[in-house]
Each structure stands twice: as C-alpha cells, then as structure tokens.
Amino acid sequence: MKRRLFINGAWVDTRDYSMLRSPYSGEVIAEIPVAGEEDIEQAIQAAYEAGTVMARMPAYQRAAILERLSGLIEARAGEAARLLALEVAKPIRTAMLEVERTIETYRFAAEEAKRIHGETLPLDASKSGEGRLAYTLREPLGVIGAITPFNFPMNLVAHKVGPAIAAGNAIVLKPASQSPLSSLFIAELLQEAGLPDGALNVVTGSGRLIGERIVTDDRVRMITFTGSPAVGIGIRNQAGLKRVTLELGSNSALIVDKGVRIDDIIDRSVTGAFANQGQVCISLQRVYVHEEVHDEFVDQFIQRTRQLKIGDPLDPATDVSAVISPEDVRRLLDWIEEARQAGATIATGGCADGNVLHPTVILEAGSKLKVCCQEVFGPIVVINQVKSVDEAIQQVNESRFGLQAGIYTEHVHTALHAADQLHVGGVMINDIPSFRVDHMPYGGVKESGIGREGIKYAIEEMTEMKLVVWKK
Ligand code: NAP
C-alpha cells in the first residue's frame, strides 16, 4: 500500500518512493515516500508557522490533545502492535508491551503539560536586588527536529512528540527508514485528536538528507535524536548552537554478586538479553558473575536461553524473531567468529536461519573483543567470571558507553558502593540494566549521549527559561 508524507495537516505525495520490506519474511509491506528537498522545506516552514499557534495554546488544551491521543491508540492497540511486528519484526507480545508503554507515555505527557512552571527568586539576597520581584517562566523553543531509530518506533517517537506538544512546540519528525508506518499511524491519530495543522510533520526518506536539512536549518531550534553514536556525534558536530539531546547506544552490563539466589534472576536476565532480538539500547550485553555463583548462573542461563521460541513475529508464541537487516546478521556472525577465534566459548547459538540469529551466549570473552567493547545490538550476551564486585565494576566501567547498569546483591553496602562507583546514567539495584519506565530520567554518559528523556526531563530540554524582574 502506498503511503504519503504528512505535512501541514495534509497527506501529500512526492516524486520518489521506496519499498518497505518485512525484516522477517522479506515481503513488501508498503511503498514509502522518499521526501525531497521541497518536501522537507515545506515541513519545516509548516512547523515554523504552527509553532506560534502551539505557543499560544493553553496547557489544558495541549493536555487534552495528548489525552485523546492516548485513548485513540488504546482503541486501536491491536492494529498498532501488528504494525510493529510487520515493520521491525518485533514479536507480537513484545510489540503489544510497546504499545501499552506508548499509551502511558502520552498520558504522562498530558499530565506534565499541566505542570510546566518556573519559580520565584529571592532577589533581595543581594543588596542590589532589594526592592525587586523576580520569577522565571518556561517558554517553548518553537520547532523541534526529532530523529528516531527503528527499535522502539512507537514509544521512542512518543518520547519526543509527547513532551514537544506538552511544552507547546511544533515538530518535524524523521522516523527510521525501516519503521515509518508507526509514525504515520501516530500522525493520523494526532490529527483526529485535534492537533493543529503543521504542529506535527512526518517526513520519511533518507536519514542523511533529511537529517542534515533539519539539523542545519535556523528555524529548527532543537534536535532530539535517538540512534547510533556515529550518527549522533555527526549531528552534534553540525548543530552549532542549536540545542541537542542525544540518546545513543550502549553495551550495558549486569553484576551478579555471591550469595544471590540464581533461580530468582534467570528469567529476568534472559529476557533482558534477548527481548526484541537484543535490539534495545539497554539490552543486557555483558554479565559479570562472582566465581561462587558463576557455574550455576551459566548453566541455568543457557538452559533457559535454549527454551526461547524462535519464529514469525506475528505468532504469539514467538520470543525471538528476525534481526533488522541481513547486513546486521552478517556483522553479528563476524563478531561471534572473532570471539571464537580469540578463545571464547560459544555456549549456545552462534548461527542464523535467514535473518533470525539464534540467541547466543558467549563465555569468557576478553574486554577488547567486539562482542564486549562495542554495542552488539543483537541477540548475543557475554558472561564472564569475576573474583569480586570491585573487579566487575572496573570491567563495567571499562567501556566507551555508560547508559544503565544493574547489580544483584544481598548486601546493602555493596549496592551503595556500586551505585557510587558505576559510571552510567542509571544504576538498577537488584534488577537488570534494561529496566525502564517512561517517566524516569533516562539517558547516558560518555558515548551513550547527552541530555535526559522521561517526559518531565525532556520538557526541560524542550523549553527555554525566561527571567522576569519587576522593580517595585
Ligand atoms: P541510526 O542508524 O543511528 O538511525 C537513527 C536515525 O537517524 C534514523 O532515523 C536514521 O535514518 C537517521 N539518520 C541516519 N543518518 C543520519 C544523518 N547523517 N543525519 C541525521 N540522521 C540520520 O540508528 P538505528 O540503527 O535506527 O537504531 C539503533 C541505535 O539506536 C543503537 O545504537 C541504539 O542503542 C540506539 N538507541 C538508543 C536509545 C536510547 O534511548 N539511548 C534507544 C533506542 C535506540 P535512516 O533510518 O533513514 O537511516
């Protein structure tokens, strides 16, 4: 089915189209417009003009639009999950979870829209401030350029569109080329929910062309990007003084201390490693296990991994389906081979059927191997034995990335020590690093990015503080 661009409240055709194929079956699922220069210009100009309308819209109306959007997604949740299963091969049960999260994310945005405020300042704390009243306001920035990845095409768009509307901004959205359908679906529902024309524009097509145009256009005041470090760093270098938030990748790690009941943590750890084929920015990639519980953890982890059901994303029984592209399957197999040749053990998996890479567990992979030090972004996990939690912390921190980390321990002092020492954006005590709910502050250090999402925190990034001083 042929799709159209969404610009200034209208569905518009363009010159070129590309075929969108299912990563699992290879079948064509839609024809997607490839936006040209003119389309991008129109989208930016429409957002620029709608920015004034949005800035004037009172908070209760912005909240009502977001609340209505939540309800509309809820009413069509099954259809939304199916889109995700089709365009990115997300197993349908996992896709439904993403849809549920998306509904909640827009609801959080609706609530936060009503709590955007500044503060009063005691100017008379300074001698020269005496006799003055001061307060701050938070104003929308205007046009937000949002660039999103393929792996959570609905909820990560919600993390940009939700706070942008809540704060009174207009948006030009560029979804990943592999996942345009869910963004076009949201545009349709937002129009139905009453969003003014031009306040959301969806331009599909080349990441490089659209990305460069919106990153370098003066009318766009902020870029909110989620994706790979390489693209994110390029954006930052092009953006000049434009505000930029970057939610990038990671090789997230879990520490398992001695004394932990392994039975209790296996299911959760296996889910953290292989949900959505490991294509999650906080997917569990490295596990450092204390030598006293190492063998038990490894045995149970492998056993549970072998029980995962591989197959069609539309089958409700499927746990693991296709990786996003054949190139990624080849890359992952190369990385596994590198580990094998360096002496690591491939304990299970290590092979592919079509685009489905079997869930792979690698033991004792050295820290310089790609499966350890780079972002795998696929169904591969490394389990290494350590002599102490301190050794594990040192290994976790020996990374270019720092998004989230987890530690299972029975000892409160060990937990506090880990929370103190781990160099990441978020530390999960007695959970895997992959824990996220959508109102918590979320973001990384080092090459995992700059800025925070989680609706309230994204609104801070998407508004400008203005100071007002009155002389009495
Ligand atoms: P990607 O290749 O970096 O693409 C992300 C987006 O950037 C896509 O819309 C892409 O468009 C666009 N793009 C490509 N080249 C561009 C350029 N030169 N300028 C501007 N935009 C450009 O990432 P992905 O493969 O879709 O997603 C996987 C990555 O996202 C992983 O690294 C993962 O860790 C990260 N991620 C991070 C978080 C987080 O919250 N920290 C969450 C999810 C994912 P095209 O698709 O058209 O190329």
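Whatever order the structure lists ligands and atoms in, that order sets their numbers, starting from 1.
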Check your understanding: Heavy-atom distance to atom 29 (C) of ligand 1: which of Pro149, Ser18, Gly444, Gly227 wins?
Key -> Gly227

Return all side-chain donor-acceptor pairs below 3.5 angstrom for residues 415-429, not counting sequence neighbours, or 'none' if the list is empty.
from	atom 1	to	atom 2	distance (Å)
His417	NE2	Asp390	OD1	2.8

Review point. Do any nitrogen or oxygen atoms of Asn151 come within less than 3.5 Å of a nitrogen or oxygen of ligand 1?
Key: no

Review point. Should the ring pair Phe377 and Phe150 be called parallel, tilted or perpendicular, given that the plane angle runs from 0 to 90° and is split at 30 and 60?
Key: perpendicular

Review point. Cut-off 3.5 Å, side chains only: do Asn276 and Thr94 have a donor facing an acceptor?
Key: no

Check your understanding: Does an N or O from Leu248, backbone or side chain, lie closer than 3.5 Å to an N or O of ligand 1?
Key -> yes

**Study point:** For atom 36 (N) of ligand 1, closest protein heavy-atom neighbour
**Key:** Cys281 CB, 3.6 Å

Exercise for review: Just jot down the ring pair (Phe, Tyr, Trp, His ring centres under 6.0 Å) partners of Phe225, sequence neighbours excluded, or say none.
Suggested key: none

Check your understanding: Counting both backbone and side chain atoms, is some N or O of Lys174 under 3.5 Å from an N or O of ligand 1?
Key -> yes

Practice item. Mark the output for Gly234 as yes if a heavy-atom distance to ligand 1 is under 4.0 Å, and as no if none is. Key: no

**Study point:** Contact (N/O only, under 3.5 Å) between Ser177 and ligand 1
**Key:** yes

Review point. Out of curiosity, Arg221 CZ to Arg243 CZ, how far, rounded to the nearest 0.5 Å?
Key: 7.5 Å

**Study point:** Taking atom 32 (O) of ligand 1 as the reference point, the nearest protein heavy atom with its distance
**Key:** Glu375 OE1, 2.6 Å

Point to revise | Which residue and heavy atom of the protein sit nearest atom 14 (C) of ligand 1, plus the separation | key: Gly207 CA, 3.8 Å

Check your understanding: Phe150 to ligand 1: N or O pair under 3.5 Å?
Key -> yes

Check your understanding: So which heavy atom in the protein is nearest atom 9 (O) of ligand 1, and how far is it from that ligand atom?
Key -> Thr148 O, 2.8 Å

Point to revise | Short side-chain donor-acceptor distance under 3.5 Å, Asp438 and Tyr442 | key: no

Exercise for review: Determine if the distance from atom 4 (O) of ligand 1 to the closest protein heavy atom is below 4.0 Å.
Suggested key: no

Review point. Considering only protein heavy atoms, which is closest to atom 18 (N) of ligand 1, and at what distance to one decimal place?
Key: Arg208 CA, 3.7 Å

